[in-house]
Amino acid sequence: MQERIITGKDIAERLKSVKHKIAVASGKGGVGKSTVTALLAVHYARKGYNVGIFDADFLGPSIPKLFGIEDKAQELTIHDSGITPVYSDRYGIKILSIQFMLPSRESPVIWRGLAVNTAMRSFLGSVDWGELDYLLFDMPPGTGDAILTVMDFVDLDGLIMVTIPQDLSAMIVEKAINMAKKMDTEVLGLVENMSYFECPKCGEKFYLFGERKG
C-alpha cells in the first residue's frame with residue numbers, strides 16, 4: 001500500500017459509518033482491559049449489533065488470542081483502498097490487530113513512541129470497517145502516545161476505565177481519569193475487575209486483593 005500522510009479528515013471519512021466509538025483503557029497493565037473489551041464486544045454482538053474491535057495495544061496485542069483467531073492472519077486483506085479486518089468465527093466481530101501482521105506469534109513489536117503514533121494514525125485512516133454500531137478500542141496501559149492519538153483523531157463517545165481493588169491500581173487509574181478530563185473525553189464508567197472470588201459451594205465472597213477501591 002502506497003505510503004501517504006494520514007490526516008484527521010482521512011480518519012473521519014473512514015469512521016463516518018461507525019455509530020458509537022468507545023475506548024477501554026486503564027493507566028495500569030494487567031487489570032483485564034482486553035478481557036473487558038472482548039466481553040463487551042460479545043455482549044453487543046449477541047444483541048444483534050455490528051461490532052468491531054481495534055486492538056490498539058501494539059506492544060502487547062491479545063484480542064486475536066481471546067477470540068481464538070490467531071491463525072487467521074491470511075484473512076487480513078491489505079489493498080490499495082485500505083485494510084479489511086478479520087472476522088471472528090462467532091458473531092462476525094470485525095477485528096484489527098498488529099498480531100495478524102507479525103511473522104510469528106512470539107515476534108515482539110519494538111517501537112518507540114513516534115512509531116506507535118505513526119502506525120496508529122495509519123491504521124485509523126486505512127481500515128475499512130464498513131457500517132458498525134460499535135467500534136471498541138482496546139488501549140494499551142498508560143497515558144502515552146497510543147491513547148492520546150485516539151483521543152485526538154477519533155470522536156469518541158467516551159472511555160471505560162478498568163481497575164482492580166489495589167491501592168496502586170486505583171492511584172494510576174485516577175491519573176488516567178484526570179487525563180481524560182484534560183482531553184475533554186467523557187468517562188462512561190469504571191469496571192473493577194477481580195473484585196472478589198465467590199465460592200461455588202457455599203457462595204461466600206473472598207476479597208483476594210482487598211476491599212473494593214472502585
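Values below: every heavy atom of this structure, side chains too, minus hydrogens, waters and symmetry copies. Residues: numbered from 1 along the sequence shown.
- Residues Ile164 and Phe206 share a hydrophobic cluster, clusters being chains of Ile/Leu/Val/Met/Phe/Trp/Tyr side chains in contact below 4.5 Å.
- Salt bridge annotation for Asp145-Arg112: absent, with no cationic side-chain nitrogen under 4.0 angstrom from a carboxylate oxygen.
- No chain of hydrophobic side-chain contacts below 4.5 Å, direct or via other Ile, Leu, Val, Met, Phe, Trp or Tyr residues, connects Ile22 to Leu39.
- Here the side chains of Asp89 and Lys72 are in contact, with some heavy-atom distance below 4.5 Å.
- None of Val173, Leu159, Ile160 except one satisfies the side chain to side chain contact (heavy atoms under 4.5 Å, CB included) rule with Leu190; the exception is Val173.
- Hydrophobic clustering, with ILVMFWY side chains joined whenever heavy atoms are under 4.5 angstrom apart, groups Met120 together with Ile78.
- Note that CD1 of Ile95 is 11.0 Å distant from CD of Glu75, once rounded to the nearest 0.5 Å.
- Ser126 contributes no side-chain N or O that, together with a main-chain N or O of Phe123, makes up a donor-acceptor pair within less than 3.5 Å.
- Thr37 and Ser34 are not linked by any side-chain donor-acceptor pair at a separation below 3.5 angstrom, with hydrogens and angles left out of the test.
- Note: Tyr87 and Phe67 fail the aromatic proximity criterion, with ring centroids not under 6.0 Å apart.
- Checking Asp55, Val154, Ile53 one by one against Phe137, the side chain to side chain contact (heavy atoms under 4.5 Å, CB included) holds for a single residue, Val154.
- Between the side chain of Thr7 and the backbone N or O of Asp10, at least one donor-acceptor pair lies under 3.5 Å.
- For the pair Arg105/Glu70, a side-chain contact is recorded, criterion being any heavy-atom separation below 4.5 Å from C-beta on.
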Residue pair Thr163, Asn193: steps toward the side-chain contact (heavy atoms from CB on, under 4.5 Å) verdict
CA-CA 6 Å; Thr163 186; Asn193 201 18; over 6 Å; no
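- When side chains are defined from C-beta on, Asp133 does not count as touching Val51, because their heavy atoms never get closer than 4.5 Å.
- Contact annotation: the side chain of Tyr44 never approaches that of Ile93 to less than 4.5 Å [non-hydrogen atoms, C-beta and beyond].
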Check the pair Thr77, Ile83 against side-chain contact (heavy atoms from CB on, under 4.5 Å), reporting the backbone distance first and the verdict last.
CA-CA 6 Å; Thr77 306; Ile83 302 172; over 6 Å; no
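- Remark: Phe58 CZ to Met139 CE distance equals 8.0 Å, nearest 0.5 Å.
- A distance of 7.0 Å separates NZ of Lys33 from CG of Asp138, quoted to the nearest 0.5 Å.
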Could you walk me through whether Lys94 and Val86 pass the side-chain contact (heavy atoms from CB on, under 4.5 Å) check?
CA-CA 6 Å; Lys94 296 179 181 180; Val86 175; over 6 Å; no
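- Distance check, rounded to the nearest 0.5 Å: CH2 of Trp129 to OG1 of Thr84 gives 10.5 Å.
- Between Phe54 and Ile63, every side-chain heavy-atom pair lies at or beyond the 4.5 Å cut-off.
- Every residue meeting the salt bridge (Lys or Arg N to Asp or Glu O under 4.0 Å) condition with Glu13, not counting sequence neighbours, appears here in chain and number order: Lys16.
- Residues passing the side-chain hydrogen bond (donor to acceptor under 3.5 Å, both in side chains) test with Asn117 are Thr149, sequence neighbours excluded.
- Between the side chain of Arg121 and the main chain of Ile6, a donor-acceptor pair closer than 3.5 Å is present.
- Using a 30° and 60° split on the angle between ring planes, Tyr49 and Tyr134 fall in the perpendicular class, above 60°.
- Between Asp157 and Lys21 there is no salt bridge, since no side-chain N of the basic residue sits under 4.0 Å from a carboxylate O of the acidic one.
- No side-chain heavy atom of Asp71 sits under 4.5 Å from any side-chain heavy atom of Phe100.
- Side-chain atoms of Leu156 and Met151, non-hydrogen and from C-beta on, do get closer than 4.5 Å to each other.
- Of all heavy-atom pairs spanning Leu76 and Pro85, the tightest one is CD1-CA, 4.0 Å.
- When all heavy atoms are compared, the tightest approach of Leu148 to Met179 is CD2-SD, 4.3 Å.
- Between Gly142 and Ile147, the closest heavy-atom pair is O-CG2, 4.0 Å.
- Separating the OG1 atom in Thr35 from the CG atom in Leu40 is a distance of 12.0 Å, to the nearest 0.5 Å.
- The minimum heavy-atom distance linking Lys28 with Pro141 is given by the pair C-CB, 3.7 Å.
- For the atom pair Thr143 OG1 and Met183 CE, the distance stands at 10.5 Å (nearest 0.5 Å).
- Nearest heavy atoms, Val31 versus Ser26: CG2-OG, 3.5 Å.
- Residues Ile177 and Met161 form a side-chain contact, since some pair of their non-hydrogen atoms from C-beta on lies under 4.5 Å apart.
- Both Met101 and Leu66 belong to a common hydrophobic cluster when Ile, Leu, Val, Met, Phe, Trp and Tyr are linked at side-chain heavy-atom distances under 4.5 angstrom.
- Here the closest heavy-atom approach between residue Tyr207 and residue Ser195 is recorded as CD2-O, 3.4 Å.
- Side-chain atoms of Ser122 do not come within 3.5 Å of backbone N or O of Thr118 as any donor-acceptor pair.
- The local environment of CD in Glu131 is sparse, with at most 12 non-hydrogen atoms from other residues, nucleotides or ligands closer than 6.0 Å.
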